[in-house]
Amino acid sequence: MENIFWTAYTQNERHSTIEKIKNAIKNHGDIIDFKLFSDVSINMTIEIEESKIDSLYDALRELIAIDKFEYLKSISKLERTIYLNITFAKGTGNLSIEAPNFPG
């Protein structure tokens, strides 16, 4: 069974958009991995039953601009993997995360 690759874009604020996307995915499947690339993009690996893929796609389309996907129209309960890449148009590439000072 082939993996699914989705590419998406958004002009919206990154933190709130990620939270909305996480909630949408939680209602359909599970995020098993993610990687942030500064404040420019995020890659998510999602495990989901094949029968829920079409409804996840529709839920994400309400939140972000996502490339066209041909609906599977499946009733299968087989687990599938989706690789979702989201680019944040307002990203600068200069994200810095300050680490707290620890004694020692």
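Put simply, the side chain of Asp54 gets close to the backbone of Lys73: a donor and an acceptor are under 3.5 Å apart.
A distance of 8.5 Å separates NZ of Lys22 from CD1 of Ile42, quoted to the nearest 0.5 Å. Atom CD of Glu79 is separated from atom CD1 of Ile46 by 12.0 Å, given to the nearest 0.5 angstrom. The CG atom of Asn3 sits 7.5 Å away from the CZ atom of Arg80 when rounded to the nearest 0.5 Å. Separation of atoms OG1 (Thr81) and CG (Asp33) is listed at 11.0 Å; rounding is to 0.5 Å. With values rounded to the nearest 0.5 angstrom, Met44 atom CE is found 12.0 Å from Ile82 atom CD1. In this structure, the separation between NE2 on His28 and NZ on Lys52 is 8.0 Å, given to the nearest 0.5 Å.
With contacts defined as side-chain heavy-atom distances shorter than 4.5 Å, the pair Ile4/Leu72 qualifies. Between Ser76 and Glu49 there is no side-chain heavy-atom pair separated by less than 4.5 Å. At least one side-chain heavy atom of Ser41 sits less than 4.5 Å from a side-chain heavy atom of Asn85. Side-chain contact between Ile18 and Phe88: present, with at least one pair of heavy atoms (C-beta onward) separated by less than 4.5 Å. Looking only at side-chain heavy atoms (C-beta outward), Leu63 and Asn12 stay at 4.5 Å or farther from each other.
Cluster annotation: Tyr9 and Phe34 are assigned to distinct hydrophobic clusters (Ile/Leu/Val/Met/Phe/Trp/Tyr, side-chain heavy-atom contacts under 4.5 Å, transitive). A continuous path of hydrophobic side-chain contacts links Ile66 to Tyr71 [ILVMFWY only; heavy atoms under 4.5 Å].
In this pair, Phe5 and Tyr83 present their aromatic rings parallel. The plane angle is below 30°, not in the 30 to 60° band.
When each of Ile86, Asp67, Ile64, Leu56 is tested with Trp6 by the rule side chain to side chain contact (heavy atoms under 4.5 Å, CB included), just one qualifies, namely Leu56.
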>> Let's go through Leu60 and Leu84 carefully: what are the C-alpha distance in whole Å and the side-chain angles of both, what is the deciding distance for side-chain contact (heavy atoms from CB on, under 4.5 Å) to 0.1 Å, and is it a yes or a no?
In response: CA-CA 10 Å; Leu60 291 175; Leu84 173 62; 4.1 Å; yes
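Taking a 6.0 Å sphere around CD of Glu13, one finds it holds more than 12 heavy atoms contributed by other residues, nucleotides or ligands. The local environment of CD1 in Ile75 is sparse, with at most 12 non-hydrogen atoms from other residues, nucleotides or ligands closer than 6.0 Å.
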